[in-house]
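All figures in this text were calculated on a predicted structure; none of them were measured in a lab. What's counted below: heavy atoms across the whole structure, side chains too, no hydrogens, waters or symmetry copies.
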Amino acid sequence: MSHEISITGQITPDQIPMIAENGFKTIINNRPDGEESGQPTSADIATAAEKAGLVYKEISFAGSELNQTHVEDFADFFNQAEQPILIYCRTGARSTGIYEAAKNMDLLDD
């Protein structure tokens, strides 16, 4: 596999500079806003990412609601995104699921 990715749980805006310093170029968020109180919003993460020079994309869905459209949107963005890519959700499970689904459907470029 030639993809340079890391999958993680929820990140915060104050972690974005460190993420950039670690060489990431793109962040993909698979977690919808409002799942729990105190969760950083997508807009907050997007603002911090832009400030740090990172590309940010939200492709969020509830844990049990992954569908073909999500997978295709993820793959379309993933294939044109600059790597390495950090993909996150609440625990990392949702992000692993969407990445694996796209890979298993042969939607990801090598």
Side-chain angles (χ1 to χ4, degrees):
M1 177 173 66
S2 61
H3 301 148
E4 294 180 62
I5 66 163
S6 289
I7 295 174
T8 189
Q10 180 68 57
I11 61 174
T12 60
D14 63 331
Q15 292 173 315
I16 301 289
M18 181 186 65
I19 290 167
E21 287 172 14
N22 285 325
F24 288 97
K25 304 295 183 193
T26 303
I27 297 174
I28 300 175
N29 170 17
N30 298 133
R31 186 176 191 197
D33 285 346
E35 283 192 323
E36 64 186 4
S37 66
Q39 169 189 341
T41 66
S42 179
D44 291 341
I45 301 289
T47 298
E50 182 180 332
K51 190 181 285 186
L54 302 177
V55 175
Y56 174 84
K57 175 75 170 174
E58 179 184 358
I59 304 171
S60 60
F61 56 96
S64 62
E65 296 179 0
L66 179 62
N67 64 41
Q68 185 71 27
T69 301
H70 295 126
V71 176
E72 290 173 359
D73 288 349
F74 175 86
D76 288 345
F77 180 77
F78 185 94
N79 288 333
Q80 59 84 32
E82 187 175 0
Q83 296 185 32
I85 301 171
L86 181 69
I87 309 167
Y88 80 92
C89 58
R90 186 177 68 83
T91 65
R94 211 175 325 199
S95 296
T96 299
I98 196 170
Y99 174 78
E100 291 296 327
K103 195 167 76 169
N104 290 339
M105 291 182 208
D106 201 28
L107 298 175
L108 301 181
D109 297 340
D110 288 328

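Note that CD of E100 and CD1 of I7 are 7.0 Å apart. Values are rounded to the nearest 0.5 Å. A distance of 11.0 Å separates SG in C89 from CD1 in I11, rounded to the nearest 0.5 Å. Expressed to the nearest 0.5 Å, how far CZ of R31 lies from CD of Q39 amounts to 3.5 Å. Note that the CZ atom of R94 and the CD1 atom of I87 stand 13.5 Å from one another [nearest 0.5 Å]. Rounding to the nearest 0.5 Å places CD1 of I5 at 12.0 Å from OG1 of T26.
Every residue two or more places apart in sequence or in another chain was checked for a salt bridge (charged side-chain N to carboxylate O under 4.0 Å, His left out) with E21, and none qualifies.
With hydrophobic clusters built from ILVMFWY side chains whose heavy atoms lie under 4.5 angstrom apart, I27 does not share a cluster with F78. I28 and I45 fall into different hydrophobic clusters, where Ile, Leu, Val, Met, Phe, Trp and Tyr residues are linked whenever their side-chain heavy atoms come under 4.5 Å apart, directly or through other members.
The number of heavy atoms from other shown groups lying within 6.0 Å of CG (D106) does not exceed 12. The number of heavy-atom neighbours closer than 6.0 Å to CD of E50, taken from other residues, nucleotides and ligands shown, is 12 or below.
When all heavy atoms of D33 and P40 are compared, the pair lying nearest together is OD1-O, 4.2 Å. Heavy-atom minimum distance, S60 versus P32: CB-N, 3.4 Å.
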| request: For K51 and I16, run side chain to side chain contact (heavy atoms under 4.5 Å, CB included): C-alpha distance rounded to whole Å, both residues' side-chain angles, the deciding distance at 0.1 Å, then the answer. | output: CA-CA 9 Å; K51 190 181 285 186; I16 301 289; over 6 Å; no
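A ring pair (Phe, Tyr, Trp, His ring centres under 6.0 Å) check over residues 46-67, counting only residues at least two apart or in different chains, returns the pairs F61-H70.
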